[in-house]
Amino acid sequence: MINQGIKKTAYISLATLAVSTLALAAPALHSATTADAKSKPKAITVKVGLMTMDDEDKAEWKVISNYAKKHGNVTIKYVQFTDYSQPNKALKNGDIDLNAFQHYFFLDNWNKENSGNLKPIAKTVIAPIRLYTKKGYKSVKDLPDKAQIAIPNDATNEGRSLVALQTAGLITLKKGVALATPSDIASNPKHIKIVLVDAAQTARSLSSVDAAFINNTFVSAAGLKFKSAIFVEPVNKASKKWINVIAARPNYKKNKAKYAAYKEIIKGYQQKKIKQLIKKYSGGTSLAAWDIKLK
């Protein structure tokens, strides 16, 4: 009887100890769960404005979306535009949170012309413009007298194309001109005729002109190969203004949650995978600008 009593008491004591241990462990488990919940960012949606997405854009932004979702619980909603006049208006009006389609120069010029104060918050790519033809010319030297060359009619790409024609040795421009137009051509030995068209239509114009400067965005869609260009704009220190950026409204840091989301999107963009995709799709014709050294 004594032995049975001792065993019974022992069983009760062990059971009590087990219950007590569980009771002590429960609050710790609750605390860990609460900490995990607090460490996970609150879900947030960011609207990003882009030009009509080609295969490269789709591949890159899929990687960026996955990164932002995984690291910041950020869902990216894409808003696509068909011409360059739209994304900055949408950003200024608050219809989108960010846009990624333009270089520094375009952004600066747009701000001046539209009383805007949009801010570049991250570098993306630099894409030298290229001159293409469907007339069989192998280089700019083969272009005939009075050749017609189509260039984008928006102010920045127009000026950029004219500077490229000067670099190619086809024309010279007046000195001291910040943003050249055809009226700023000082000499034109080959009597080149400049044809101004919408940037999205430069590729289509190849059927009626001798050559055209076509932004990388529209090259693949036109069935052209990057390597077929007869002239490529050089990349050097003067190219800094042509680096593409992600832009935001001037008070983009005010909303801490969205600012944190923007930083995750930037990290997602400026990663090795994106650099590899840029190289893959452009054949090396576009460069990851966030770590490039301009000489």
Side-chain angles (χ1 to χ4, degrees), residues 51-57 60 83-84 100-106 124-144 147-171 173 179-180 182 185 190 192-245 275 277-289 292 294-295:
M51 297 302 294
T52 302
M53 297 171 76
D54 58 18
D55 290 342
E56 179 180 354
D57 295 322
E60 291 171 3
D83 70 71
Y84 291 122
F101 79 103
Q102 65 194 322
H103 44 60
Y104 282 110
F105 197 96
F106 187 97
T124 56
V125 300
I126 181 167
I129 58 172
R130 291 166 164 74
L131 186 67
Y132 296 88
T133 183
K134 285 188 175 180
K135 299 293 179 67
Y137 306 123
K138 300 299 181 182
S139 73
V140 290
K141 293 180 180 179
D142 296 333
L143 291 171
Q148 292 185 321
I149 298 179
I151 66 176
N153 63 2
D154 60 278
T156 51
N157 282 307
E158 180 181 331
R160 186 179 183 182
S161 298
L162 290 170
V163 170
L165 287 177
Q166 178 174 252
T167 304
L170 293 177
I171 64 172
L173 299 168
L179 200 60
I185 296 175
K190 280 196 171 184
I192 301 295
K193 182 179 179 181
I194 304 300
V195 180
L196 299 175
V197 298
D198 183 87
Q201 302 301 317
T202 51
R204 185 175 295 179
S205 72
L206 283 176
S207 60
S208 58
V209 299
D210 293 287
F213 277 106
I214 304 173
N215 293 87
N216 283 8
T217 308
F218 307 112
V219 172
S220 297
L224 297 168
K225 294 183 179 180
F226 290 111
K227 293 181 180 180
S228 68
I230 60 174
F231 179 77
V232 180
E233 177 188 37
V235 176
N236 49 39
K237 286 184 178 180
S239 304
K240 183 178 179 180
K241 58 189 174 184
W242 308 128
I243 290 175
N244 284 274
V245 298
K275 193 172 184 178
L277 287 172
I278 291 170
K279 183 177 181 179
K280 173 185 174 181
Y281 279 92
S282 73
T285 57
S286 292
L287 305 171
I292 190 173
L294 300 176
K295 299 179 179 179

Quick one: does [X]'s side chain have a donor or acceptor within less than 3.5 Å of a partner on [Y]'s backbone?
X	Y	value
T202	I151	no
Q148	K193	no
K295	V235	no
E56	Y281	no

Show your working on side-chain contact (heavy atoms from CB on, under 4.5 Å) between K134 and L224 and close with a plain yes or no.
-> CA-CA 9 Å; K134 285 188 175 180; L224 297 168; 3.9 Å; yes
After noting the C-alpha distance and the side-chain angles of L179 and F105, does the key distance pass the side-chain contact (heavy atoms from CB on, under 4.5 Å) rule?
-> CA-CA 10 Å; L179 200 60; F105 197 96; 3.0 Å; yes
[X] side chain near [Y] side chain, heavy-atom distance below 4.5 Å:
X	Y	answer
E233	T167	no
R130	S228	no
D142	I230	no
P128	W242	no
F226	V232	no
I243	H103	no
I185	L173	yes
N215	I129	yes

So with a 6.0 Å cut-off around NZ of K135, is the heavy-atom count from everything else above 12?
->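 Enclosed.
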Decide side-chain contact (heavy atoms from CB on, under 4.5 Å) for I149 and D210; before the verdict, give the C-alpha distance in whole Å, the side-chain angles of both, and the deciding distance to 0.1 Å.
-> CA-CA 6 Å; I149 298 179; D210 293 287; 5.6 Å; no
If you round to the nearest 0.5 Å, how far is [atom2] of [Y] from [atom1] of [X]?
X	Y	atom1	atom2	answer
L170	L131	CG	CG	8.0 Å
T285	I126	OG1	CD1	12.0 Å
K138	T133	NZ	OG1	10.0 Å
Q102	D154	CD	CG	11.0 Å

Provide the closest heavy-atom pair for [X] versus [Y] in the form atom of the first, atom of the second, distance.
X	Y	answer
N244	A127	ND2-N, 4.2 Å
S205	A150	OG-CB, 3.4 Å
A164	F231	O-CE2, 3.5 Å
A199	Y84	CB-CE1, 3.4 Å
A203	F218	CB-O, 4.5 Å
L206	Y132	CD2-O, 3.4 Å

Have S286 and N216 got a donor and an acceptor in their side chains that come within less than 3.5 Å?
->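 Per modelled atom types, S286 and N216 side chains form a pair under 3.5 Å.
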Candidate list L196, N157, V197, I214, test side-chain contact (heavy atoms from CB on, under 4.5 Å), partner P152, passing option =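 Among L196, N157, V197, I214, the one meeting side-chain contact (heavy atoms from CB on, under 4.5 Å) with P152 is N157.
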Kindly determine whether L165 and I194 satisfy side-chain contact (heavy atoms from CB on, under 4.5 Å), including the steps that lead there.
-> CA-CA 10 Å; L165 287 177; I194 304 300; 3.7 Å; yes
